[in-house]
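Report on the structure given below.
Note: hydrogens, waters and symmetry copies are ignored here, and every other heavy atom, side chains too, is used. Per chain, numbering begins at 1; letters A, B, ... match sequence-line order.
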There are 2 protein chains.
Amino acid sequence: MSQQRHGSTPGEADGVPAFPDLPEATIARLPEYLRALHHLAETGAETVSSEGLAAAAGVNSAKLRKDLSHLGSYGTRGVGYDVALLVDQIEYILGLDKNRAVCLVGVGNLGHALAGYAGFASRGFRVVALFDADPKKVGEDINGLAVQHIDDLQRVAAEESIAIGVIATPPGTAQSVADALVAAGVTSILNFAPGVLSVPSNVDVRKVDLAIELQILSFHEHRKASLTALPGGRVPATGNSDQEAVGS
Amino acid sequence: MSQQRHGSTPGEADGVPAFPDLPEATIARLPEYLRALHHLAETGAETVSSEGLAAAAGVNSAKLRKDLSHLGSYGTRGVGYDVALLVDQIEYILGLDKNRAVCLVGVGNLGHALAGYAGFASRGFRVVALFDADPKKVGEDINGLAVQHIDDLQRVAAEESIAIGVIATPPGTAQSVADALVAAGVTSILNFAPGVLSVPSNVDVRKVDLAIELQILSFHEHRKASLTALPGGRVPATGNSDQEAVGS
DNA sequence: AGGCGCTTGTGAAGGCGTGCACAAATCGCG
DNA sequence: CGCGATTTGTGCACGCCTTCACAAGCGCCT
Ligand SMILES: NC(=O)c1ccc[n+]([C@@H]2O[C@H](COP(=O)([O-])OP(=O)(O)OC[C@H]3O[C@@H](n4cnc5c(N)ncnc54)[C@H](O)[C@@H]3O)[C@@H](O)[C@H]2O)c1
Ligand SMILES: NC(=O)c1ccc[n+]([C@@H]2O[C@H](COP(=O)([O-])OP(=O)(O)OC[C@H]3O[C@@H](n4cnc5c(N)ncnc54)[C@H](O)[C@@H]3O)[C@@H](O)[C@H]2O)c1
């Protein structure tokens, strides 16, 4: 595989700062911490303890401290973490200071909702282009952005240097759209279409599949039902690692 | 769905069949296997090898075999797995034979798209009710289903025995909606609003947060960029556990 | 200045998940 | 009827992640 020795945090050529290689599990939690921190900042909090931030993010405080320790020592013992400083740190690590350009392919039912979603811009992303294959959709104005034809993807992507693409087309066309995105230089894809995408190894794909989420919930329903029917009527907590039962 | 013999988990009252406790990671992959199997069934395949199914689902074949072995021995050495049988098995385990009733709260931008989504019904779920707090939305007909007022949730949930609720309201109201769902007897929640929900321990919550997905992609963009700027121009593959670079 | 309480950062242990490698089992064919 | 080809099921080792527990560090109060 890819072994790559990065010197850890300290000394680095000044153009490109050091880049710690964080555990995947930590990276997946950083956005949650960031959201909690922004919320805290709005309430005027200057600092926050690991306990407090952990509660706000729905995780164990030890896990939070270990996660943050991977970024470096940005806390003060006896006091806590400086909220503003930590926000900057996490945003830097996540690369959110770049205001990344995103394009969306497939302006149907779902794509329409996504295109109008304000949560993108507020979290460091700019939707700069919408594409569809349907001539009737092309030209349509959504939230101040005109839908363009998929054939223009290549050109537009180059002009706007789009690095992230979102796929919201029917499952059957998802692979060909992914291929087009890759050909246009996109190196990160968020896919809403069910199914497996095949892409070069330097391209990252994340997938969101509602049906999968529901089916996992269904499993737990099934499990709970079969347990309550048994002697001990007590329903034990799920082994689910997600947030749950956060005592507030 | 008739009687099924699970080799494991012996001695059980016959009304409720044995229920193997599967690893969380396995459960999360079963829906993906199921989708791949349905696809195979459509192409007329009678059986499939672990290698073939693994490729279709975008996972390692050893992992797939271990996952399936947790459900019992439903394969035949030298031949493979019986597609139809495996479909039934997985659907049974996931509780999809129950055609579970789902309600959706918050018929806004996103909720509207979800309400019209055909992928629910085709995968074993029935959206039986839509709720909103906005009087202007109440009464609106979406895909043959009338939007009802959130105050009717309690009553409707009891009538339809709804076990799964989907939250698509603004973040600020998500917690109160969750409380209402729980009060109405819902024991599984799929939450699209950013933030942490607090629910009793017998309620399962899964969350879908687009911004988090994009931020994770952004991190990898940042990482890739900082690596290409360094001596070794080669960009290594991500540690991402998701599907990626599946040799077509 | 010194002590005290609080909080971070981390070493160590345990658990979970993954992937390899191979024995066991089954089928088809000569 | 036996043999080889094929594929499952799994024991095992390894690495990642989580969690505990505590020493080290910091600020405040006296
Ligand atoms: N609607 C939902 O709530 C929902 C939920 C989960 C997943 N999904 C998935 O998201 C995807 C989109 O769902 P939808 O309901 O919006 O479907 P849709 O049919 O309403 O929209 C699909 C759009 O993609 C366009 N399109 C088709 N082929 C294209 C191509 N090659 N290039 C560019 N555009 C193309 C179509 O013109 C159409 O506008 C589907 O894969 C669906 O399974 C949808
Ligand atoms: N639109 C998207 O693409 C998108 C993407 C990701 C996440 N989200 C999240 O999904 C949620 C909904 O997004 P949206 O764009 O659909 O917002 P929206 O404002 O368009 O819709 C919200 C709907 O919820 C209803 N509502 C508000 N309070 C309610 C209550 N107490 N009970 C019942 N209904 C209530 C409102 O009347 C409105 O119809 C938000 O939390 C958003 O952050 C949206």
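Side-chain N/O atoms of A/Y74 include none lying less than 4.0 angstrom from OP1 or OP2 on C/dT7. In this structure, A/R77 does not reach the C/dT10 phosphate: none of its side-chain N or O atoms is under 4.0 Å from OP1 or OP2. For C/dT7, neither phosphate oxygen OP1 nor OP2 lies less than 4.0 angstrom from any side-chain nitrogen or oxygen of A/S50. For D/dT8, the OP1/OP2 oxygens have no side-chain nitrogen or oxygen of B/T76 closer than 4.0 Å.
When B/R123, B/R35, B/R206 are each tested for a salt bridge (charged side-chain N to carboxylate O under 4.0 Å, His left out) with A/D209, only one passes: B/R123. Among A/I216, A/L214, A/V208, the single residue meeting the side chain to side chain contact (heavy atoms under 4.5 Å, CB included) criterion with A/I212 is A/I216.
With salt bridges taken as basic N to acidic carboxylate O contacts below 4.0 Å, none links A/D21 and B/R223. With salt bridges taken as basic N to acidic carboxylate O contacts below 4.0 Å, one links A/K207 and B/E32.
Note: CG (B/L85) to C1' (D/dT8) measures 14 Å, nearest angstrom. Rounding to whole angstrom units, CG of residue B/D21 and P of C/dC16 are separated by 11 Å. In this structure, A/L71 atom CG and C/dG9 atom C1' are separated by 13 Å, rounded to whole Å. Rounded to whole angstrom, the span from the CG atom of B/L30 across to the P atom of C/dG17 amounts to 13 Å. Atom C1' of nucleotide D/dT18 and atom NE2 of A/H70 are separated by 11 Å, given to the nearest angstrom. Note: CG (A/L22) to C1' (D/dC16) measures 14 Å, nearest angstrom.
Each of D/dT19, D/dG9, C/dG9 was ranked by its minimum atom distance to the side chain of A/R65; first place goes to C/dG9. Set against D/dC20, C/dT8, C/dT26, the side chain of A/A62 has D/dC20 as its closest nucleotide. When the nucleotides C/dT18, C/dT7, D/dC17 are ranked by their closest atom to the side chain of B/K63, C/dT18 comes out on top. In this structure, the nucleotide among D/dG9, D/dC17, C/dT7 sitting nearest to the side chain of B/Y81 is D/dG9.
The residue A/S73 sits close only to the backbone: its heavy atoms come under 4.0 Å of sugar-phosphate atoms, none of a base.
With hydrogens and angles ignored, a donor-acceptor pair closer than 3.5 Å exists between the side chain of A/K66 and the base of D/dT19.
Each of B/L68 and A/D67 was assigned the nucleotide of DNA chain D with the nearest heavy atom; the assignment lying further toward the 5' end belongs to B/L68.
In summary, the side chains of A/T187 and B/E221 do present a donor paired with an acceptor at a separation below 3.5 Å, with no hydrogens or angles considered.
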